[in-house]
Amino acid sequence: MRLLLFACIFLLGFTSCAQGRKEKQAATSTKPTAQQPSVSRDSLSVATFAGGCFWCTEEAAEKLKGVYDVVSGYTGGSTKNPTYEQVSTGLTGHAEAVQIYYDPKVISYHTLLEAFFAAHDPTTLNRQGPDEGTQYRSAIFYRTPEEKAQIDAYIKQLNSTRAFQAPIVTQVVAFKAFYPAEEEHQDFYRNNPNNPYMRAVSTPKVEKFKKKMDGKLKDGE
């Protein structure tokens with residue numbers, strides 16, 4: 001849970017993550033940028049990753065060249081159509097995750113894997129910084145045997161080269177279902193730049209991600 005961070009934020013006179021929500025209009029199609037025209041999702045490939053709080057994970061993925069849309073949501077559990085409050089209890093089995101719609105002619109699945117591991121710490125079990133619980137676990141949800149093979153090979157490479165200070169604990173499981181999060185959680189990072197959680201946790205992670213993925217980001221990012 002985000003309780004530890006929120007306690008610190010409260011002591012500093014800030015509001016909590018939940019109090020800082022701001023609703024936005026739902027995106028019903030892919031999100032065009034200055035560099036990329038709007039396209040149909042039917043022409044794109046899809047990948048699903050869980051790397052802690054989806055507010056930060058979504059923003060990092062949005063910056064990648066070849067990514068046309070990123071949707072925050074829930075996956076990996078048994079509860080159908082869960083709410084944010086239900087997932088936050090850790091009892092649904094779901095993880096906060098992002099579904100990425102990308103053009104494989106522009107960005108490969110392997111590059112998405114590189115970005116995923118650059119965006120979070122895959123060595124902490126059921127935890128990302130102040131966020132603790134199974135809903136914040138590190139997980140990759142593959143759709144094909146080829147994707148699983150790439151995932152397993154890349155994790156083996158990262159472990160063998162000691163890319164991280166501890167072994168990777170990322171779950172690798174078959175994709176089953178993805179439930180989009182509520183409207184206010186979509187594009188939360190961009191819509192709430194002054195939220196205390198954004199400033200204290202998400203922004204430093206995103207800036208670190210940008211340095212690691214330099215050369216693979218959209219123009220202007």
Among side-chain atoms of [X] and [Y], is any donor-acceptor pair under 3.5 angstrom?
X    : Y    : answer
D152 : Y142 : no
R143 : S45  : no
Y74  : T83  : no

Please give me the minimum heavy-atom distance between [X] and [Y], naming the atom from each residue.
X   : Y    : result
A97 : T75  : CB-CG2, 3.6 Å
E58 : F188 : OE1-N, 4.0 Å
G90 : T134 : O-OG1, 3.6 Å
P82 : H94  : CG-CD2, 3.6 Å
G52 : T57  : O-OG1, 4.2 Å
Y68 : L44  : CB-CD1, 3.7 Å

Would you mind telling me which of I155, T144, I140, L113 makes a side chain to side chain contact (heavy atoms under 4.5 Å, CB included) with Q150?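 Exactly one candidate clears the test, L113.
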Please answer whether the main-chain N or O of [Y] pairs with a side-chain N or O of [X] as donor and acceptor at a distance below 3.5 Å.
X    : Y    : answer
K210 : E221 : yes
Q171 : R137 : no
R199 : V201 : no
K218 : V67  : yes
Q186 : V71  : no

How long is the straight-line distance from [atom2] of [Y] back to [atom1] of [X], given to the nearest 0.5 Å?
X    : Y    : atom1 : atom2 : answer
E147 : Y109 : CD    : OH    : 4.0 Å
L158 : E114 : CG    : CD    : 9.0 Å
H185 : N191 : NE2   : CG    : 12.5 Å
Y84  : Q135 : OH    : CD    : 8.5 Å
S108 : Y102 : OG    : OH    : 8.0 Å
I100 : L112 : CD1   : CG    : 5.5 Å

Could you check V106 against K65 for side chain to side chain contact (heavy atoms under 4.5 Å, CB included), going step by step and ending with a plain yes or no? CA-CA 7 Å; V106 179; K65 191 181 300 182; 4.1 Å; yes
Over 60° means perpendicular and under 30° means parallel, so tell me whether F164 and F117 are parallel, tilted or perpendicular.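 If you compare the ring of F164 with that of F117, the planes turn out tilted.
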Sole candidate of T123, N126, D121, T170 that passes side chain to side chain donor-acceptor pair (under 3.5 Å) when paired with S138: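 One option only clears the test, and that one is T170.
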Tell me whether F175 is reachable from V46 by hopping between hydrophobic residues (I, L, V, M, F, W, Y) whose side-chain heavy atoms are closer than 4.5 Å.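 Yes, same cluster.
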Do the side chains of V172 and V169 join up, straight or via other hydrophobic residues, at under 4.5 Å, putting them in one cluster?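 Unlinked, V172 and V169 end up in two clusters.
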Apply salt bridge (charged side-chain N to carboxylate O under 4.0 Å, His left out) to the pair E62 and R190, showing each step before the final yes or no. CA-CA 11 Å; E62 288 273 17; R190 299 193 180 193; 5.2 Å; no
For a side chain to side chain contact (heavy atoms under 4.5 Å, CB included) check, start with the C-alpha distance between Q157 and Y154, then their side-chain angles and the critical distance, and finish with the verdict. CA-CA 5 Å; Q157 175 188 331; Y154 191 54; 3.9 Å; yes
Applying side chain to side chain contact (heavy atoms under 4.5 Å, CB included) to S72 and E96, what does each step give before you reach the verdict? CA-CA 7 Å; S72 289; E96 289 193 13; over 6 Å; no
Is there a side-chain contact between [X] and [Y], using heavy atoms and a 4.5 Å cut-off?
X    : Y    : result
L217 : F209 : yes
Y197 : W55  : yes
K216 : I107 : no
M213 : T111 : yes

Yes or no on salt bridge (charged side-chain N to carboxylate O under 4.0 Å, His left out) for K211 and E207, after CA distance, side-chain angles and deciding distance? CA-CA 7 Å; K211 292 180 180 179; E207 291 304 314; over 6 Å; no
Should we say atom NZ of K176 is surrounded by more than 12 heavy atoms from elsewhere, each under 6.0 Å from it?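 Count not over threshold, so no.
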Verdict with supporting geometry, Y136 and R127, side chain to side chain contact (heavy atoms under 4.5 Å, CB included): CA-CA 6 Å; Y136 301 115; R127 180 168 189 161; over 6 Å; no
